[in-house]
Every structure is written in structure tokens, then in C-alpha cells.
Amino acid sequence: MTNGFAIFDTAIGRCGIAWNDHGIVAAGLPEADDDKLRARLLRRCPGATEQPAPTSVRRAIDGIVALTAHGTADLSDVALDMDGVPQFNRQIYEITRSIPPGSTITYGEIAARLGGGPELARDVGTAMGQNPFAPIVPCHRVVAANRKAGGFSARGGVNTKLRLLAIEGAQVDGTLPLFERAGRA
């Protein structure tokens, strides 16, 4: 397998993925256009060429497509190449990958799992903003205190985060259900 990348359609727009011999190097949520998405992928995987995805990467693409359409895909087993990712961020991304679709965790809860206090929550947020693997590392499932949405660095900001959470059926301050539940007025 050589360094490669692909751009593909999803329910929320065109997403991208880049890979090498060790796994996925980058994944990207929609940008303003394909050129911006390509540039983001190539920053993490210099020299990659646009090409058809090998089988293991195709499974990751299919999972991202399913996640953005139905909110049910589990991408926690996708092999990631975290070379160049700081150790602190790696720890946070591993915790984040354990959050099932439709669930959320706060920045503070991740900080506590790392053995830190509330002051570490801001550093967790910074790491989330540097996540090169969204939505494989589902940073959209990490929310602020009191289950408020918090920030989101992808194009569309918090609206994109809320949309992804709504697709998964997660309820946080600011999300609206995609469909009213039976029996609600």
C-alpha cells in the first residue's frame, strides 16, 4: 500500500481520508470545497496521491458514510497511524474512540480519566481541536460541562457538531431531535 487519499460523498457533504502502510493518517469532515479538503489531508500525509482506497480503507470509508447517514457505525477498530501525534493527544483520542455512537462525555470527564482535575479540561479541548481523524476519533461526542455543546473546529463549527450528534440520537443542549418521539405533543 502506498500513501494515498480519497474524497467521498456522505450525508453531511464530501469527506476525505488519507492513509499509509500503517493505517489512516487523516480523516476530514467537509470543507468549503474539495481543494481545501485535499490540502488538509496532504498536510498530514505529504506526497499522497488521490487513488481508489484499498480494502481496509474502504471499510473505514463505508463506516464514515454509515455514521453520517444513520449514526450507528462503530469506527473504534479502524487502524490509525498516530505518528507525529503528541502522546497527550493520543491518550485523549483513545478515550474518545471508546465513546459509543449516541453517547457523549465532557472535557472534564476525559481530564479526570487522565488523572487530572478541571484545569486539564481546557487542554483536552485543545487536543480535540487538533484531531486529525474526525469522525473516526469522534470529537463531536465530547461536550462542555452541563452537557452543553462546547466548541467544534470543523467547518460549520458547533452546528456541524450538533448535526452529527442529532444523527446519532444524542441529546445535548442545543440539539433538536431529528424526529419527534411517539407520544410527544
Side-chain angles (χ1 to χ4, degrees), residues 1-85 89-90 92-94 96-104 127-142 149 151-170 175-176 178-179:
M1 186 164 36
T2 60
N3 291 3
F5 73 92
I7 296 176
F8 53 95
D9 293 317
T10 73
I12 63 167
R14 290 176 57 78
C15 291
I17 195 165
W19 63 87
N20 65 20
D21 292 332
H22 305 289
I24 303 303
V25 178
L29 293 170
E31 294 282 352
D33 58 48
D34 285 358
D35 289 337
K36 287 186 178 9
L37 187 53
R38 267 186 204 91
R40 175 186 278 207
L41 296 171
L42 289 170
R43 279 194 297 275
R44 281 278 302 156
C45 196
T49 58
E50 195 161 2
Q51 58 186 282
T55 303
S56 62
V57 177
R58 185 75 242 169
R59 281 194 301 271
I61 290 171
D62 292 345
I64 292 169
V65 169
L67 181 71
T68 58
H70 311 293
T72 57
D74 178 8
L75 303 172
S76 64
D77 64 344
V78 172
L80 300 178
D81 179 357
M82 291 202 196
D83 188 43
V85 174
N89 292 25
R90 288 180 191 203
I92 292 167
Y93 299 160
E94 288 304 319
T96 304
R97 291 186 84 188
S98 73
I99 307 165
S103 299
T104 60
M128 289 290 105
Q130 298 168 350
N131 175 13
F133 305 107
I136 297 169
V137 172
C139 53
H140 63 279
R141 296 180 192 147
V142 182
F152 199 58
S153 62
R155 183 170 187 266
V158 173
N159 288 337
T160 299
K161 182 177 194 169
L162 292 173
R163 184 173 181 196
L164 288 166
L165 290 171
I167 290 167
E168 292 183 6
T175 59
L176 297 173
L178 290 179
F179 305 100

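All residue numbers in this chain count up from 1 along the given sequence.
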Q | Test side-chain contact (heavy atoms from CB on, under 4.5 Å) applied to Phe5 and Arg44, step by step | A | CA-CA 11 Å; Phe5 73 92; Arg44 281 278 302 156; over 6 Å; no
Looking only at heavy atoms, what is the nearest atom pair of [X] and [Y], with distance?
| X | Y | value |
| --- | --- | --- |
| Leu41 | Ala18 | CD2-N, 4.1 Å |
| Cys139 | Thr96 | N-CG2, 4.0 Å |
| Ala73 | Pro101 | O-CG, 3.3 Å |
| Arg58 | Ala53 | N-CB, 4.0 Å |
| Leu67 | Arg141 | CD1-NH2, 3.5 Å |
| Thr49 | Gln51 | OG1-NE2, 2.9 Å |

How far does [atom1] of [X] sit from [atom2] of [Y], to the nearest 0.5 angstrom?
| X | Y | atom1 | atom2 | value |
| --- | --- | --- | --- | --- |
| Lys161 | Thr104 | NZ | OG1 | 9.0 Å |
| Ile24 | Leu80 | CD1 | CG | 7.0 Å |
| Asp35 | Ile7 | CG | CD1 | 8.0 Å |

Q | Steps toward salt bridge (Lys or Arg N to Asp or Glu O under 4.0 Å) verdict (Glu31, Arg38) | A | CA-CA 9 Å; Glu31 294 282 352; Arg38 267 186 204 91; over 6 Å; no
Q) Would Asn20 and Asp81 count as having a side-chain donor-acceptor pair, cut-off 3.5 Å? A)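 There is such a pair (donor and acceptor under 3.5 Å, judged by atom type) between the side chains of Asn20 and Asp81.
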Would the distance check show the side chain of [X] and the main-chain N or O of [Y] forming a donor-acceptor pair, the cut-off being under 3.5 Å?
| X | Y | result |
| --- | --- | --- |
| Glu168 | Gly102 | yes |
| Arg90 | Met82 | yes |
| Arg97 | Val78 | yes |
| Arg40 | Leu29 | no |
| Lys36 | Pro30 | no |

Q: Dump the intermediate steps for side-chain contact (heavy atoms from CB on, under 4.5 Å) on Ile64 and Phe8, then the final yes or no.
A: CA-CA 10 Å; Ile64 292 169; Phe8 53 95; 3.8 Å; yes
For a quick test of your reading: what N or O donor-acceptor pairs under 3.5 Å do the side chains of residues 127-136 make, sequence neighbours left out?
| from | atom 1 | to | atom 2 | distance (Å) |
| --- | --- | --- | --- | --- |
| Gln130 | OE1 | Asn89 | ND2 | 2.9 |
| Asn131 | OD1 | Phe133 | N | 2.8 |
| Asn131 | ND2 | Val137 | O | 2.8 |

Q: Apply side-chain contact (heavy atoms from CB on, under 4.5 Å) to the pair His70 and Ile167, showing each step before the final yes or no.
A: CA-CA 6 Å; His70 311 293; Ile167 290 167; 5.8 Å; no
Q | Verdict with supporting geometry, His140 and Leu165, side-chain contact (heavy atoms from CB on, under 4.5 Å) | A | CA-CA 7 Å; His140 63 279; Leu165 290 171; 4.0 Å; yes
